[in-house]
Amino acid sequence: MNYSKEAIKRGVMGASIGVFINQAIFVCIAFKDGLSGNVSVQMMVNEFFISAILGFGIAAASIVFSIEKWSALRKTIVHFIIMSIFYFPASILGSWIPEDVAGKIGYVFIFILIYIICWFSYKNYWTRKLRELNYELKKRN
């Protein structure tokens, strides 16, 4: 499999989906607010690029989990690095990161914590599934 080509294909599709989701959320909020208010062109352009960057990055990074010869830990670490490359610039562009140092550290800590929680959740899930499979195989023999 050509992983680069597949990642770009997924990324382009993800960018399209990301922009669509962004616009759908915008329309829902606009309807909720009675279609009143003003939105600057700068804000719309920023939101477009943020959703395109994140959509591309999230979808393209998923290719990492298709590499069979890598361990689950390696896949998770590489995915974390790729997501950091896309997520943090988008966070800066969107002004999601707090201004103070403690807020920035907390923001990064939460991002890392999410990966740690996901890692242990998936590890426990697959360990349990393997035990069940082994039990079923032993029953058959």
Side-chain angles (χ1 to χ4, degrees), residues 1-140:
M1 171 188 275
N2 185 342
Y3 294 116
S4 300
K5 186 176 178 181
E6 181 64 23
I8 290 170
K9 252 181 15 183
R10 289 182 187 192
V12 169
M13 179 63 86
S16 303
I17 292 169
V19 170
F20 174 79
I21 290 170
N22 175 274
Q23 292 302 303
I25 291 169
F26 177 77
V27 168
C28 289
I29 291 170
F31 278 124
K32 181 184 132 300
D33 293 342
L35 297 175
S36 62
N38 294 324
V39 178
S40 73
V41 173
Q42 181 65 42
M43 183 182 126
M44 290 300 293
V45 169
N46 279 351
E47 292 300 317
F48 175 87
F49 282 115
I50 290 169
S51 58
I53 289 168
L54 284 178
F56 185 92
I58 290 167
S62 71
I63 194 71
V64 169
F65 295 106
S66 299
I67 304 172
E68 292 182 22
K69 62 184 175 182
W70 284 6
S71 70
L73 180 60
R74 182 177 182 185
K75 291 176 187 179
T76 305
I77 291 170
V78 171
H79 188 267
F80 171 81
I81 292 167
I82 294 169
M83 286 305 301
S84 297
I85 290 168
F86 284 94
Y87 184 73
F88 288 113
S91 298
I92 292 166
L93 185 61
S95 301
W96 302 339
I97 297 178
E99 295 288 326
D100 61 318
V101 175
K104 289 177 182 174
I105 291 170
Y107 192 83
V108 172
F109 176 76
I110 290 170
F111 186 79
I112 293 169
L113 185 63
I114 289 168
Y115 265 87
I116 292 170
I117 290 169
C118 287
W119 164 251
F120 281 108
S121 297
Y122 282 117
K123 185 177 185 319
N124 288 334
Y125 171 79
W126 286 111
T127 301
R128 190 174 60 246
K129 285 300 233 184
L130 282 172
R131 263 192 240 123
E132 290 171 7
L133 274 170
N134 284 332
Y135 176 75
E136 290 296 322
L137 286 172
K138 285 179 184 177
K139 264 180 37 177
R140 289 183 183 181

Using only atom types and a distance under 3.5 Å, with no angle test, would you say the side chain of [X] pairs donor to acceptor with the backbone of [Y]?
X	Y	result
N124	F120	yes
K75	I67	yes
S16	V12	yes

Is atom [atom1] of [X] surrounded by more than 12 heavy atoms (other residues, nucleotides or ligands) closer than 6.0 Å?
X	atom1	result
M43	CE	yes
F48	CZ	no
W70	CH2	yes
F49	CZ	no

Checklist line | From CA spacing to verdict: side-chain contact (heavy atoms from CB on, under 4.5 Å), M13, F56 | finding: CA-CA 7 Å; M13 179 63 86; F56 185 92; over 6 Å; no
Any side-chain heavy atom of [X] sitting closer than 4.5 Å to one from [Y]?
X	Y	answer
I21	F26	no
F88	V108	yes
I58	Y87	no
Y115	T76	yes
R131	E136	no

Check: Should E6 and R10 be marked as a salt bridge (charged side-chain N to carboxylate O under 4.0 Å, His left out) after you check the CA-CA gap, both sets of side-chain angles, and the distance that decides it?
Finding: CA-CA 6 Å; E6 181 64 23; R10 289 182 187 192; 3.2 Å; yes
Would you compute the distance between atom [atom1] of [X] and atom [atom2] of [Y] and round it to the nearest 0.5 angstrom?
X	Y	atom1	atom2	answer
E99	K104	CD	NZ	6.0 Å
Y122	I117	OH	CD1	13.0 Å
S62	I82	OG	CD1	9.5 Å
L54	L93	CG	CG	9.5 Å
E132	L137	CD	CG	12.0 Å
S91	I53	OG	CD1	10.5 Å

Margin query: Show, in sequence, the C-alpha distance, side-chain angles and deciding distance for V64 and F80, and conclude whether the side-chain contact (heavy atoms from CB on, under 4.5 Å) test is met.
Written below: CA-CA 10 Å; V64 169; F80 171 81; over 6 Å; no
Margin query: Under 3.5 Å, is there a donor on one side chain and an acceptor on the other for N46 and Q42?
Written below: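 Yes.
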Checklist line | S66 and Y3: side chain donor to acceptor below 3.5 Å | finding: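 On atom types as modelled, these side chains do not qualify, holding no pair under 3.5 Å.
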